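Just so you know, these numbers come straight off a predicted model, no measurement behind them. Both counts, for ligands and for their atoms, begin at 1 and track the order of listing.
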Amino acid sequence: MKFGIVTLFPEMFGAITEHGVTGRAIKNQIVQMQYVNPREFAGDVHRTVDSRPYGGGPGMLMLANPLLQAIDAAKAGLKCSDAPRVVYVSPQGKPFDQAAAQEFSQRQAIVFVCGRYEGIDERVIDIAVDEEWSLGDFVVSGGELPVMAMIDATVRLIPGVLGHKDSAAEDSFFQGLLDCPHYTRPEHFAGRDVPEVLLSGNHALIKRWRLKQALGRTWQRRPDLLERRELSKDERKMLEEFIQELAP
Ligand SMILES: CN(C)c1cccc(CNc2ccc(C(N)=O)cn2)c1
């Protein structure tokens with residue numbers, strides 16, 4: 001999978017290209033990253049990429065012309081048979097979630113546009129942006145960090161990227177639930193023991209316990225996620241049991 005990144009700060013992306021699962025995916029050439037800096041297309045001697053907003057207001061906006069040229073260069077640079085879709089990441093976008101990461105991971109390529117300042121001239125969105133996505137309802141200084149998070153969430157779902165093939169599949173967000181509690185050695189720590197079932201070696205029981213914990217936690221912390229998820233008869237029974245066990 002290829003990513004074309006339009007950004008004023010390409011060096012920020014070292015955070016995902018030099019480390020961990022994403023770094024290994026790039027080293028193994030499962031993933032390719034290319035960068036285009038709008039400053040390369042700034043016409044004037046000062047290489048200006050921002051300008052004050054018409055109508056007044058605080059802050060600056062990214063100029064359309066350098067951005068549009070950078071987006072075109074990024075699309076061309078990916079050399080994809082199907083033109084890659086251009087994704088602009090901003091607080092005004094559609095909420096990104098695991099399902100979106102799953103869908104992104106099946107694409108051949110994506111061009112991400114990282115806004116800075118107070119955003120970009122709207123005509124760039126009208127002319128060149130195919131999709132607008134948001135990492136959540138908050139503002140950071142630039143689109144780079146949200147884009148890196150989206151790329152990380154996407155890349156780990158590409159087959160062959162994660163060592164233990166089940167790791168991603170077991171990501172409980174896969175089943176629309178929060179994750180269950182996890183334990184590792186030592187068995188006894190700070191006067192707290194690992195739940196017996198996890199030491200039993202009974203994989204059916206362990207699987208059931210984990211699903212029950214995931215259902216219970218989701219019910220406790222994120223009831224909104226439960227609303228969006230059909231529960232099977234057995235899952236409903238497990239959730240009832242979990243609630244019973246809370247306040248016997
Ligand atoms: C209107 N405005 C402030 C703005 C507009 C566009 C880009 C930026 C750059 N900052 C970002 C980008 C994305 C997100 C997110 N939630 O995905 C948060 N912050 C800011």
Side-chain angles (χ1 to χ4, degrees), residues 1 3-17 19-22 31 33-42 47-75 84-107 109-157 171 173 178 222 224-225 228:
M1 183 169 183
F3 294 99
I5 313 290
V6 175
T7 174
L8 293 171
F9 300 108
E11 64 282 359
M12 284 181 72
F13 287 79
I16 56 172
T17 60
H19 311 278
V21 167
T22 47
V31 167
M33 302 274 289
Q34 292 177 7
Y35 308 96
V36 181
N37 189 330
R39 213 173 279 286
E40 293 162 30
F41 302 94
R47 304 193 348 135
T48 310
V49 291
D50 63 338
S51 168
R52 290 185 310 108
Y54 281 117
M60 305 289 272
L61 295 171
M62 293 181 82
L63 283 164
N65 191 33
L67 256 187
L68 283 166
Q69 290 187 66
I71 292 170
D72 286 345
K75 289 168 81 167
R85 294 175 69 73
V86 176
V87 171
Y88 177 49
V89 177
S90 85
Q92 285 70 44
K94 184 169 183 260
F96 183 83
D97 60 7
Q98 193 68 14
Q102 181 58 37
E103 196 277 321
F104 278 13
S105 72
Q106 285 155 29
R107 299 186 188 186
I110 298 177
V111 171
F112 278 111
V113 179
C114 302
R116 277 269 147 180
Y117 315 111
E118 293 313 304
I120 67 178
D121 186 298
E122 191 68 13
R123 290 165 289 190
V124 175
I125 299 172
D126 298 338
I127 295 166
V129 170
D130 297 305
E131 302 170 21
E132 197 163 350
W133 287 90
S134 168
L135 193 60
D137 294 333
F138 54 84
V139 176
V140 286
S141 335
E144 285 80 8
L145 285 172
V147 166
M148 279 189 258
M150 291 178 183
I151 290 175
D152 188 305
T154 300
V155 164
R156 58 200 314 276
L157 298 176
D171 270 0
F173 263 98
L178 300 185
R222 290 291 306 279
D224 59 299
L225 288 178
R228 276 189 272 156

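Among protein heavy atoms, atom 17 (O) of ligand 1 sits closest to Leu135 N, 2.8 Å. Scanning the protein for heavy atoms near atom 1 (C) of ligand 1, the closest one is Glu118 O, 3.6 Å. Atom 6 (C) of ligand 1 has Tyr88 OH, 3.0 Å as its closest protein atom, hydrogens excluded (heavy atom only). Among all protein heavy atoms, the one lying closest to atom 10 (N) of ligand 1 is Val140 O, 2.7 Å. Looking from atom 16 (N) of ligand 1 to the surrounding protein, the closest heavy atom is Gly136 O, 2.8 Å.
With hydrogens and angles disregarded, no donor-acceptor distance shorter than 3.5 Å links the side chain of Asp121 to the backbone of Leu63. Counting only distance, with no hydrogens or angles, the side chain of Thr154 and the backbone of Phe104 share no donor-acceptor pair below 3.5 Å. The backbone N or O of Gly136 sits less than 3.5 Å from a side-chain atom of Ser134, completing a donor-acceptor pair.
Salt-bridge check for Arg85 with Glu103: failed, with every basic side-chain N at 4.0 Å or more from each acidic carboxylate O.
The shortest heavy-atom distance from Gln92 to ligand 1 is under 4.0 Å.
Considering Phe138, Tyr117, Trp133 only, the shortest heavy-atom separation from atom 18 (C) of ligand 1 involves Phe138. Closest to atom 20 (C) of ligand 1 by heavy atom, among Gly115, Ser90, Gly59, Pro91, is Pro91.
Atoms of ligand 1 lying under 4.0 Å from at least one heavy atom of Pro146, given by number and element, are 13 (C), 14 (C), 17 (O). Residue-ligand proximity, Val139 to ligand 1, at heavy-atom distances under 4.0 Å covers atoms 3 (C), 18 (C), 19 (N). Near Gly119, the atoms of ligand 1 lying under 4.0 angstrom from a non-hydrogen atom of the residue are 5 (C), 6 (C). Atoms of ligand 1 lying under 4.0 Å from at least one heavy atom of Val89, given by number and element, are 12 (C), 13 (C), 17 (O). Heavy-atom proximity to Ser134, at under 4.0 Å, picks out these atoms of ligand 1: 15 (C), 16 (N), 17 (O). Taking every non-hydrogen atom of Gly143 and a distance limit under 4.0 Å, the qualifying atoms of ligand 1 come out as 9 (C), 12 (C).
Environment of CZ in Phe138: crowded, with over 12 heavy atoms of neighbouring residues, nucleotides or ligands closer than 6.0 Å. Around CG of Asp137, the count of heavy atoms belonging to other residues, nucleotides or ligands within 6.0 Å does not exceed 12.
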Given the rule in the side chain to side chain contact (heavy atoms under 4.5 Å, CB included) test, do Met60 and Arg52 qualify, once you have shown the distances and angles that lead to the verdict? CA-CA 5 Å; Met60 305 289 272; Arg52 290 185 310 108; 3.5 Å; yes
Quick one: do Phe3 and Val155 satisfy side chain to side chain contact (heavy atoms under 4.5 Å, CB included)? Show the steps, please. CA-CA 10 Å; Phe3 294 99; Val155 164; 3.8 Å; yes
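Counting only heavy atoms from C-beta outward, the side chains of Val140 and Leu135 never approach each other to under 4.5 Å.
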